[in-house]
J.: 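Take a look at the following structure, please.
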Amino acid sequence: MPELPEVETIKSQLQKLIVGKKLSGKKIVGLRRRAKVLIIDFADGSSLLFHLKMTGQLIFNGVPSRHTRHIFKFDDGSSLVFNDVRKFGWFKKVKDSRVIEKSFGPEALKISLKELKVVLQKRLKTRIKPLLMDQKLIAGIGNIYSDEILFAAKVHPLRRAQTLKEKEIVLLWQNIQKILKAAVKYRGTSDRDYLDAFGQKGEYLSHLKVYGKEGERCSRCPGIIKRQKIGGRSAHFCPKCQKI
DNA sequence: ATTCGGACCTGAAAGC
DNA sequence: TGCTTTCAGGTCCGAA
């Protein structure tokens, strides 16, 4: 489930809740997010990495359920409950969190227009939706937000990177920032399983324009939202106002 | 060198 | 009422 806004939400919530506490004797000094990976840093320089994949949840003082995979207990008696229905998610201890750096491109919320252009030039023939979701190229965007960003930028998901005009690239870049920031503000999208660190739903679902809206009227033109498999994932878009 | 399908899992919803 | 199929916020791997 979680893409950048969801992991970012959990990160900032946990930051206020668990920094300074001890986990199996090691003091927590900070939390970070890189791409969709949540990182808990310890005073000794080691880290604990989490990937929630599709259905992972990390809930502070959560009540254990049949899908609870692990409970992390802090020195003050509080806890962090890791739930994951589909068991794709993982966590692991690493001595140095820099090991993950090479797997990811620039952060979606930090990428400059110039860097985005470099990415597009590295993958001229690649279709824009899978390109946006490739964590090695741009880190943090997944299926929901790639659809929303492309809709906002009026770019069809099947467009090849090299066909994007200057104006469209700028719109794409602006909307990457705009959509992700808005989603973070509303604590992410709870379409099915996602819950934040307090066990609450994110509220961005009602702001979605195309994801999950197959067959509905486009919000800005008379078109009907279409769903089509692209790169193995369901893409949602308006075939009328997102230009091919 | 990309791209595609399948695999990893479980469960909810839709289809018949 | 069943039973079957499809689908899901992600990534990885091997084969075209």
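Every chain is numbered from 1 and lettered A, B, ... according to where its sequence line falls, protein lines coming before strand lines.
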J.: Do the side-chain N or O atoms of Arg127(A) get closer than 4.0 angstrom to the phosphate oxygens (OP1, OP2) of dC4(B)?
T.: yes

J.: Would you call Phe88(A) stacked on dC8(B), i.e. ring centres under 5.5 Å apart with the planes less than 30° off parallel?
T.: yes

J.: Rounded to whole angstrom units, what separation is found between the NE2 atom of His67(A) and the P atom of dC9(B)?
T.: 14 Å

J.: Any non-hydrogen side-chain atom of Arg160(A) less than 4.5 Å from a side-chain atom of Ile128(A)?
T.: no

J.: Across the strands shown, which category fits Lys229(A) at heavy-atom distances under 4.0 angstrom: base, sugar-phosphate, nothing?
T.: sugar-phosphate

J.: In whole Å, measure the gap between the P atoms of dC9(B) and dT4(C) for me.
T.: 22 Å

J.: Below 4.0 angstrom, N of the basic side chain to O of the carboxylate: do Glu107(A) and Arg34(A) qualify?
T.: yes

J.: From the list dG11(B), dT2(B), dG10(C), which nucleotide is the closest neighbour of the side chain of Arg192(A)?
T.: dG11(B)

J.: Do any side-chain nitrogens or oxygens of Lys53(A) fall under 4.0 Å of OP1 or OP2 in dC8(B)?
T.: no

J.: Can you tell me how far P of dC9(B) sits from CZ of Arg69(A), to the nearest Å?
T.: 11 Å

J.: When you compare the side chain of Lys53(A) with that of Asp84(A), does any pair of heavy atoms fall below 4.5 Å?
T.: no

J.: When you check the side-chain N and O atoms of Lys93(A) and Ser47(A), is any donor under 3.5 Å from an acceptor?
T.: no

J.: Quick one: label Tyr211(A) by what it contacts on the DNA or RNA (base, sugar-phosphate, nothing), any heavy atom closer than 4.0 Å.
T.: sugar-phosphate

J.: Provide, to the nearest angstrom, the distance between the CE atom belonging to Met133(A) and the P atom belonging to dG10(C).
T.: 7 Å

J.: Keeping the roles fixed (side chain from Lys154(A), backbone from Phe151(A)), state whether a donor-acceptor pair exists under 3.5 Å.
T.: no

J.: Considering only side-chain heavy atoms of Val85(A), which listed nucleotide, dA8(C), dT10(B), dT11(C), is closest?
T.: dT10(B)

J.: So what does Gly142(A) touch, heavy atoms closer than 4.0 Å: a base, only the sugar-phosphate, or nothing?
T.: sugar-phosphate

J.: Please state whether the phosphate of dT3(B), meaning OP1 or OP2, lies under 4.0 angstrom from any side-chain nitrogen or oxygen of Thr126(A).
T.: yes

J.: In terms of side-chain heavy atoms of Arg86(A), which of dC9(B), dG10(C), dC4(B) is nearest?
T.: dC9(B)

J.: In whole angstroms, how far is the P atom of dT2(B) from the CZ atom of Arg160(A)?
T.: 13 Å

J.: Distance from Phe91(A) atom CZ to Phe82(A) atom CZ, nearest 0.5 Å?
T.: 6.5 Å

J.: In whole angstrom, what separates Lys87(A)'s NZ from dC9(B)'s P?
T.: 8 Å

J.: Kindly express the pairing pattern of DNA chain B in dot-bracket notation, using | wherever a base pairs with another strand and counting only Watson-Crick or G-U pairs under 3.5 Å.
T.: .|||||||.|||||||

J.: Can you tell me the distance, in whole Å, between the CZ atom of Arg233(A) and the C1' atom of dT11(C)?
T.: 9 Å

J.: What is the separation between atom CG on Asp193(A) and atom P on dC9(B), rounded to the nearest whole Å?
T.: 17 Å

J.: Side chain of Arg66(A) only, heavy atoms from C-beta on: which candidate in dG11(B), dT11(C), dC7(C) is closest?
T.: dG11(B)

J.: Taking the nucleotide of DNA chain C with the nearest heavy atom to each, does Ser234(A) or Phe104(A) sit closer to the 5' end?
T.: Ser234(A)

J.: Distance check, C1' atoms only: dT6(C) and dG6(B), in whole angstrom units.
T.: 16 Å

J.: Please give, in whole Å, the distance from dT2(B) P to Gln162(A) CD?
T.: 12 Å

J.: Out of the candidates Lys95(A), Lys27(A), Arg32(A), Lys11(A), only one should pair with Asp41(A) under the salt bridge (charged side-chain N to carboxylate O under 4.0 Å, His left out) rule; please name it.
T.: Arg32(A)

J.: Looking at His51(A), does any N or O in its side chain come under 4.0 Å of the phosphate oxygens OP1/OP2 on dG10(C)?
T.: no

J.: Answer with base, sugar-phosphate or nothing: what part of the nucleic acid does Asp191(A) contact at a heavy-atom distance below 4.0 Å?
T.: base

J.: When you check the gap from the basic side-chain N to the acidic O, do Lys36(A) and Glu3(A) get nearer than 4.0 Å?
T.: no

J.: Is it true that Tyr211(A) and Tyr145(A) have ring centroids separated by less than 6.0 Å?
T.: no

